[in-house]
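Encoded as C-alpha cells, the structure appears first; notes follow it.
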Amino acid sequence: MINLDLKSRVPIYEQLVDKVKQLIIQGVIKPDEKLPSVRNLAQELTINPNTIQKAYRELEREGYIYSLPGKGSFVGRVEGHENERKIESLTRDFEQVTSELLYLGASKGKLINLIEDLEKERGEENES
C-alpha cells in the first residue's frame, strides 16, 4: 500500500507523509481508522521507527491524523476552522501553479477538464 523510493532525494519521512495524505484524500483509509503502529510499519517498510514517528508527528501537526496514548494513531476528521486555513493555503498554491501552467501554454480547457476529472473521481470514491 505504501511504496517508498529509498534512492529519492526526497527524505523518507516526507515521502511517507505524502503517501499517507494521498491515501486519506483518496478515501483508501477513512476517518477514525487506525493506522499501523510505528513498530509494525517500520518492520513492513524496513525503515527506522524514528522515521515513522517523525512522519506521524508531521501528519498530526497538519491535522490529518490524531493519536490516543496507548491506543495508536488514527485518521482525523475534517474540522471547519482548521480546514479553512488549509483551503486558503492550498488555494494560494493552486493559483501559483495555475498561473505557471497558463504561462507555459496549458489551455484553460485542459485545466478545467483536469479539475472536473478529479472531482468526478472523488465523487465515485465517495459512492463506494
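As a basis for the values below, the full set of heavy atoms in this structure was taken, side chains included, without hydrogen atoms, waters or symmetry mates. Quantities reported herein were computed from a predicted structural model and do not represent experimental measurements.
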Run the side chain to side chain contact (heavy atoms under 4.5 Å, CB included) test against Val97 and tell me which residues pass, sequence neighbours left out.
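Side chain to side chain contact (heavy atoms under 4.5 Å, CB included) check on Val97 returns Leu101.
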
Contacts of Leu102 that satisfy side chain to side chain contact (heavy atoms under 4.5 Å, CB included) - sequence neighbours left out:
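Once residues adjacent in sequence are excluded, the partners of Leu102 under the side chain to side chain contact (heavy atoms under 4.5 Å, CB included) criterion are Thr98, Leu111.
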
Would you indicate whether Lys110, at its atom NZ, is surrounded by more than 12 heavy atoms from other residues, nucleotides or ligands within a distance under 6.0 Å?
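Atom NZ in Lys110 is not packed in, count stays at 12 or less.
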
Let me confirm one number: the [atom1]-[atom2] distance from [X] to [Y], rounded to the nearest 0.5 Å.
X      : Y      : atom1 : atom2 : answer
Asn113 : Ser107 : CG    : OG    : 7.5 Å
Gln96  : Glu100 : CD    : CD    : 7.0 Å
Ser37  : Lys71  : OG    : NZ    : 15.0 Å

Mark yes or no for whether Gln22, through its side chain, and Lys19, through its backbone, hold a donor-acceptor pair below 3.5 Å.
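Between the backbone of Lys19 and the side chain of Gln22 there is no qualifying donor-acceptor contact (under 3.5 Å).
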
Apply salt bridge (Lys or Arg N to Asp or Glu O under 4.0 Å) to Lys21 and list each qualifying residue two or more places apart in sequence or on a separate chain.
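Result, salt bridge (Lys or Arg N to Asp or Glu O under 4.0 Å) vs Lys21: Glu62.
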
Could you go through residues 1-17 and list every donor-acceptor pair under 3.5 Å that involves a side-chain atom there, pairing it with any protein atom two or more places apart or in another chain?
residue	atom	partner	partner atom	Å
Asp5	OD1	Lys7	N	3.0
Asp5	OD1	Ser8	N	3.4
Ser8	OG	Val10	N	3.0
Gln15	OE1	Asp5	N	2.7
Gln15	NE2	Asp5	O	2.9
Gln15	NE2	Val10	O	2.9

side-chain contact (heavy atoms from CB on, under 4.5 Å), that's the test. Do Lys54 and Thr51 meet it? Break it down for me.
CA-CA 5 Å; Lys54 185 174 182 178; Thr51 304; 5.7 Å; no

Closest non-hydrogen atom pair, Arg77 against Pro31
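It is NH1-CB, 3.7 Å.
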
Stepwise side-chain contact (heavy atoms from CB on, under 4.5 Å) check, Glu88 with Arg92
CA-CA 6 Å; Glu88 288 175 21; Arg92 285 191 298 274; 4.0 Å; yes

Are any of the side-chain heavy atoms of [X] and [Y] separated by less than 4.5 Å?
X      : Y      : answer
Ile115 : Leu118 : no
Arg39  : Pro49  : no
Val75  : Lys30  : no

For Asp18, what residues pass the side chain to side chain donor-acceptor pair (under 3.5 Å) criterion, not counting sequence neighbours?
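Expected list: none.
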
Distance-only side-chain donor-acceptor flag, Ser73 / Glu60, under 3.5 Å
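Looking only at side-chain atoms, Glu60 and Ser73 do not form any donor-acceptor pair under 3.5 Å.
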
Can you list every pair that meets ring pair (Phe, Tyr, Trp, His ring centres under 6.0 Å) and has a residue in residues 22-76, with sequence neighbours left out?
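Residue pairs passing ring pair (Phe, Tyr, Trp, His ring centres under 6.0 Å), neighbours aside: Tyr66-Phe74.
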
Test: Arg61 and Glu58 ion pair at under 4.0 Å:
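Result for this pair is yes, salt bridge flagged.
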
For side-chain contact (heavy atoms from CB on, under 4.5 Å), just list the numbers for Ile52 and Leu45, CA-CA rounded to whole Å, side-chain angles, deciding distance to a tenth of an Å, and then say yes or no.
CA-CA 10 Å; Ile52 307 292; Leu45 299 175; 4.2 Å; yes

